[in-house]
Amino acid sequence: MPTPTIHSNALPNVPWEDRPAGCDDLLWRYGGNPVLPRNPMPGIQGIYNSAVVPFEGQFAGVFRTESKNRYPHLHAGRSRDGIHWEIESEPVVMTGDDPEVDHAAYAYDPRVVGIDDTYYVIWCSGHNGPTIGLAATKDFRRFGRLENAFLPFNRNGVLFPRKVGGHYLMLSRPSDDGHTPFGDIYLSESPDLCHWGRHRRVMGRGGDAQGQWWQRTKIGAGPAPIETSEGWLLIYHGVMDTCNGFVYSVGAALLDLERPWQVLYRTDRHLMTPEADYETCGHVPNVVFPCAALCDGPSGRIALYYGAADTCSCLAFCRADELIAFTKAHSQVF
Ligand code: BMA
């Protein structure tokens, strides 16, 4: 099989640690996890499900924090190496022209996607229930609020890193106002990041018919899809219900480059499930929740940022060519 091409920019300083000797996992955890611990600064009892991007030769990010009232906010952060972070002590203040968009609503599970010279933050905001908030920044200091993308109830909004067919594309997972015991991934397109339409179902949760219990309750997009010669590489979370609550694991899929609502391949097993102590113990045990992937295009090295147990932020690594080959070899599309 020819080596796939990864259409990401070169990122020679991507955080990286080689696969440990004797480990044959496709995704392997950073030895220094968690990169952000449960008490990263005074008054904060959790920092997780957060997004980072390359920025001015270093790294910037938007982080979900949890203070002692457990109301979630977003904080900006900077890092030289993608591992040691300086997080702003105050939450991001969104500015915007329209007072009817609720700037003070809760904010969680951000993704950050650079398109041209602008970084877009997508997160779960509130508008009579969870929906998809959008903001733009060029410097990670000033954030301009845009219209909410969708009606409530919706979570896990993820923008594609470029327009396709002249339109912005966003994945999302329609949900309920609570902990949502269902959910499939959909795609919507927009000419202007304000008006969204042409909604398409991308992929659904697995059930008995598929033998896919690890993702049988709901699924949701993780990091922004990575463009490759084999399709858009989508890393996502799959959730199962158990007698002790939900378990969040990680899977992958390849979506058609021109018609990304069409799934070409999809892993028929999880690639990572909560096993480390920091994933199985925390405010919400048994959650691994990927929100960002940094990729060095030429080498295909990927650093995956994920929240662990709704408590701390962690890193895992993989190689794009291995992930693509595995996804093709162990695929079930439904
Ligand atoms: C989801 C969101 C995520 C969280 C997950 C597990 O509904 O709230 O932020 O990680 O539940 O608690």
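Order of appearance sets the numbers: ligands from 1, and atoms from 1 within every ligand. Only heavy atoms go into these numbers, but all of them, side chains included; no hydrogens, no water, no symmetry mates.
The shortest N/O to N/O separation between Asn49 and ligand 1 falls below 3.5 Å.
Near Arg64, meaning under 4.0 Å from one of its heavy atoms, ligand 1 places the atoms 3 (C), 9 (O). Using a 4.0 Å cut-off to heavy atoms of Phe289, the atoms of ligand 1 that qualify are 3 (C), 10 (O).
Remark: minimum distance from atom 6 (C) of ligand 1 to any protein heavy atom is reached at Asp310 OD2, 3.4 Å. Of the protein's non-hydrogen atoms, Asp109 OD2, 3.6 Å is the one closest to atom 2 (C) of ligand 1. Considering only non-hydrogen protein atoms, atom 1 (C) of ligand 1 sits nearest to Tyr248 OH, 3.4 Å.
Residue Pro40 comes nearest to Pro37 through the heavy atom pair CD-O, 3.3 Å, listed as atom of the first residue, atom of the second, then distance. Considering every non-hydrogen atom in both Val202 and Leu255, the closest pair reads CG1-CD2, 4.0 Å.
The aromatic rings of His330 and Phe326 sit tilted relative to each other, their planes meeting at an angle between 30° and 60°. Ring planes of Phe63 and Trp85: perpendicular class, angle over 60° (limits at 30 and 60°).
Figure legend: cation-pi geometry between Arg19 and Phe317 absent, as NZ or CZ is not positioned both under 6.0 Å from the six-membered ring centre and within 45° of its axis.
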